[in-house]
Amino acid sequence: MQTISIKDVYRNTETYLNKNISISGWVRTVRVSKSFGFIEVNDGSFFKNLQVVFEENLPNFKEVSSLTLSSAIKVEGILLASPGAKQAFELKASNVTIEGLSQPDYPLQKKRHTFEYLRTIAHLRPRTNTFSAVFRVRSVLSYAIHKFFQERGFVYVHTPIITGSDAEGAGEMFRVTTLNFEKLPRDDEGRVDFSKDFFGKETNLTVSGQLEVETYCMAFKNVYTFGPTFRAENSNTPRHAAEFWMIEPEIAFADLNDNMNLAEEMLKYVISYVLENAPEEMEFFNNFIDNTLFAKLDNVINSEFEQITYTKAIEILEQAKEKFEYPVGWGLDLKTEHERYITEKYFKKPVFIINYPKEIKAFYMRMNDDNKTVAAMDLLVPGVGEIIGGSQREERLEILEQRMGELGLKEEDYWWYLDIRKYGGTKHAGFGLGLERLLMYITGMSNIRDVVAFPRTVKSADF
RNA sequence: UCCUCGAUAGCUCAACGGUAGAGCACUCGGCUGUUAACCGAGUGGUUGUAGGUUCGAAUCCUACUCGGGGAGCCA
């Protein structure tokens with residue numbers, strides 16, 4: 001008899017009803033009486049469990065009655081309509097094979113656990129309802145992102161994880177080295193001699209694939225990266241991880257407006273896709289994690305995202321009755337409290353803020369005609385804050401070189417980045433989207449450590 | 001890194017200067033349709049670590065470690 005998935009049983013019930021089937025999975029809970037009992041089995045294919053009914057006539061009735069939580073079993077039997085209120089059908093067992101018995105000190109209860117405790121058993125937490133839902137949605141979301149870009153002809157580019165450009169500037173980096181720390185090679189001035197290192201120079205883990213992907217953008221026109229990113233920042237917040245995944249599309253012959261349209265279209269697409277393709281999981285999140293979730297997501301899908309300039313945002317904040325802890329003024333960066341006010345209280349929907357002062361943004365962003373602002377965009381969403389940061393890139397060689405000079409960046413460190421401006425450069429734009437931030441927004445999970453399988457954060461790299 | 005709150009049984013918590021307790025988990029027993037099953041009994045503790053105050057400390061004080069929340073930085 002072929003073993004079928006529990007998802008298949010739920011999705012194609014008519015095919016299997018009143019027929020003999022076989023399933024395999026892990027015991028979520030057992031309820032026994034003297035001569036019969038119930039087992040709820042989860043096989044990982046589906047959020048919901050399948051209820052198995054067993055009776056005294058099983059040859060191993062006693063062993064089955066005392067099954068421990070999370071034991072691995074295989075069940076053969078007939079799928080019947082269930083008289084119980086909480087499920088439409090159940091599997092009446094004719095044979096239960098115990099594949100792997102779980103020890104009685106299994107640390108997960110049938111009761112609710114705190115997320116803090118579950119983080120200490122990250123190897124077991126995917127067996128809980130919440131994490132089963134989170135990581136199935138993470139998978140569906142990742143697929144939706146690829147599907148969105150692939151359907152539009154974008155080329156998926158694998159930018160390097162180990163980077164040799166020592167001047168990315170997007171944050172503190174993790175050094176990659178094979179040097180022996182006990183005996184570091186030194187140069188004449190007593191400094192560590194990286195020419196003796198594996199790559200013959202200083203190397204680090206990437207903090208962004210943007211600069212590299214821009215070069216492929218100038219060959220394939222529409223490209224994206226989707227991969228791990230590393231930041232060694234000492235950030236202790238529920239929104240930061242040292243290792244996270246980032247999506248970075250880059251589009252050629254395109255300006256900031258094209259960029260915003262792409263971001264808006266992508267977000268609406270992937271949220272809709274997850275709602276359609278993981279309905280049980282999303283129902284769970286809406287019921288148990290955040291009961292405003294569906295309303296929030298519907299609002300994103302159905303509203304036109306607002307677009308305002310940085311200058312306008314400052315005006316709004318200056319006129320707000322709200323008391324802010326940090327000062328507001330043209331030229332000052334927007335703080336979390338300001339961003340929250342604008343997206344949550346003033347507009348109550350996603351907002352693009354564009355055209356920031358050049359002083360508070362990166363060197364590669366395109367200078368606007370006013371010579372004061374650059375074509376940057378941040379997308380703020382209610383509840384999470386900044387979810388996307390992007391810009392139109394400076395394609396004019398002289399202006400880019402001038403900006404780098406102002407900021408003290410050395411041209412020789414960026415020779416290849418400057419080269420793409422020399423050989424058929426064109427206007428282009430792109431943005432970065434944090435996968436985990438988006439996943440938090442879609443699931444309502446409030447800590448990034450609970451949407452990463454084995455989170456790496458300050459002072460923590462267990463498992 | 002700063003501010004703030006916390007750490008007691010495997011888990012979630014109570015006890016707030018005077019003999020450390022409950023629910024769940026686990027073990028045993030009972031129960032013919034359960035749904036975080038239910039009913040009865042039992043097992044389970046150097047109260048995060050190190051000092052200090054006190055006749056006496058889980059409780060008060062100090063430091064440290066770890067965790068939560070907020071801020072900065074950002075995705």
Side-chain angles (χ1 to χ4, degrees), chain A residues 28-40 48-56 65-66 68-70 80 82-87 90 92 102-121 124 128-129 169-172 206-210 225-226 228-248 263 288 324-326 333-337 339-340 360-362 378-381 384-390 431-441 446-452 457-460 462:
Chain A
R28 279 293 179 82
T29 172
V30 187
R31 297 180 287 270
V32 284
S33 287
K34 191 178 181 181
S35 59
F36 70 97
F38 303 91
I39 306 171
E40 283 190 39
K48 293 182 175 174
N49 305 321
L50 180 62
Q51 175 164 284
V52 170
V53 192
F54 63 99
E55 295 183 345
E56 263 187 313
S65 297
S66 56
T68 41
L69 293 194
S70 211
L80 296 173
S82 173
K86 294 213 172 177
Q87 63 282 318
E90 62 193 15
K92 175 87 182 290
S102 177
Q103 301 293 310
D105 60 354
Y106 182 62
L108 288 170
Q109 303 172 27
K110 287 184 259 186
K111 268 176 71 166
R112 203 191 134 70
H113 288 284
T114 59
F115 291 142
E116 290 82 8
Y117 171 64
L118 292 171
R119 277 173 218 147
T120 68
I121 49 170
L124 298 174
T128 63
N129 285 336
E172 288 296 309
T206 182
V207 293
S208 165
Q210 184 204 314
T225 71
F226 184 1
T229 310
F230 307 88
R231 306 243 171 121
E233 301 288 353
N234 189 12
S235 298
N236 296 284
T237 84
R239 294 197 174 85
H240 290 83
E243 177 182 317
F244 63 99
W245 284 59
M246 192 152 64
I247 299 105
E248 294 176 289
F288 294 103
F324 296 117
E325 197 177 326
Y326 286 88
D333 211 350
L334 300 178
K335 301 292 182 187
T336 300
E337 58 176 349
E339 295 181 341
R340 291 184 73 119
I360 58 175
K361 287 294 181 184
D378 282 359
L379 178 64
L380 313 179
V381 294
V384 166
E386 185 182 336
I387 199 166
I388 281 176
F431 61 84
L433 166 68
L435 176 71
E436 286 80 7
R437 295 242 175 117
L438 177 58
L439 185 56
M440 288 167 73
Y441 189 68
S446 56
N447 194 312
I448 198 168
R449 296 167 181 86
D450 298 326
V451 298
V452 178
T457 54
V458 180
K459 294 255 157 49
S460 169
D462 296 330

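Naming convention: chains lettered A, B, ... in sequence-line order (proteins, then strands); numbering from 1 in each chain.
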J.: For A36(B), does either OP1 or OP2 sit under 4.0 Å from a side-chain N or O belonging to Thr29(A)?
T.: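 For Thr29(A), the contact criterion (side-chain N or O under 4.0 Å from OP1 or OP2 of A36(B)) is not met.
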
J.: Could you go through the side-chain contact (heavy atoms from CB on, under 4.5 Å) check for Lys361(A) and Asp378(A) one step at a time?
T.: CA-CA 11 Å; Lys361(A) 287 294 181 184; Asp378(A) 282 359; 3.2 Å; yes

J.: For a quick check, tell me whether the side chain of Arg437(A) and the base of C74(B) share a donor-acceptor pair closer than 3.5 Å.
T.: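 Per atom types, the contact qualifies.
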
J.: To the nearest Å, how far apart are Tyr106(A) OH and C11(B) P?
T.: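 Nearest whole value for this atom pair: 15 Å.
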
J.: How would you summarise protein contacts on nucleotides 27-34 of chain B per nucleotide, using B for base, S for sugar-phosphate only and - for none, with heavy-atom distances below 4.0 Å?
T.: S---BBBB

J.: List the steps, then state whether side-chain contact (heavy atoms from CB on, under 4.5 Å) holds for Leu108(A) with Leu118(A).
T.: CA-CA 9 Å; Leu108(A) 288 170; Leu118(A) 292 171; 3.4 Å; yes

J.: How far, in whole Å, is C64(B) from U1(B) if one measures between their P atoms?
T.: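 Going atom to atom, P in each nucleotide, I get 12 Å.
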
J.: Side chain of His113(A), base of C11(B): donor and acceptor closer than 3.5 Å?
T.: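 Side chain to base: no pair below 3.5 Å.
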
J.: Determine the interatomic distance between C1' on C16(B) and the same-named atom on A20(B); round to the nearest Å.
T.: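 Taking atom C1' in both C16(B) and A20(B), they lie 13 Å apart.
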
J.: Any idea how His113(A) and Tyr117(A) line up, ring-wise: parallel (<30°), tilted (30 to 60°), or perpendicular (>60°)?
T.: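 Answer is tilted, since the angle falls between 30° and 60°.
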
J.: If you measure from the P atom in G6(B) to the same atom in G42(B), how many Å do you get, rounded?
T.: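 Between the two P atoms, the distance is 35 Å.
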
J.: Decide, yes or no, whether a salt bridge links Arg31(A) with Glu40(A) under the criterion of side-chain N to carboxylate O below 4.0 Å.
T.: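 The answer is yes: the pair qualifies as a salt bridge.
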
J.: Taking N or O atoms only and anything under 3.5 Å, show me the protein contacts with nucleotides 66-71 of chain B, one pair per line.
T.:
| residue | atom | partner | partner atom | Å |
| --- | --- | --- | --- | --- |
| G68(B) | OP1 | Arg119(A) | NH1 | 2.7 |
| G69(B) | OP1 | Asn447(A) | ND2 | 3.4 |
| G69(B) | OP2 | Asn447(A) | ND2 | 3.4 |
| A71(B) | O2' | Tyr326(A) | OH | 2.8 |
| A71(B) | N6 | Asn236(A) | O | 3.4 |

J.: For the pair made of CG in Leu108(A) and P in C26(B), what is the distance, rounded to whole Å?
T.: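 Atom-to-atom, Leu108(A) to C26(B), this comes out as 12 Å.
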
J.: Kindly say if Lys361(A) contacts the phosphate of C74(B), meaning a side-chain N or O under 4.0 Å from OP1 or OP2.
T.: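 Indeed not, no polar side-chain atom of Lys361(A) lies that close.
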
J.: Expected output check: what is the dot-bracket annotation of RNA chain B, where ( ) and [ ] are pairs inside the strand (brackets for crossing ones), | is paired with another strand, and pairs are Watson-Crick or G-U under 3.5 Å?
T.: (((((((..((((....[..)))).(((((.......))))).....(((((..]....))))))))))))....

J.: In this structure, how many angstroms lie between the P atom of C74(B) and the CD1 atom of Ile388(A), rounded?
T.: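 After rounding, the gap between these two atoms is 17 Å.
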
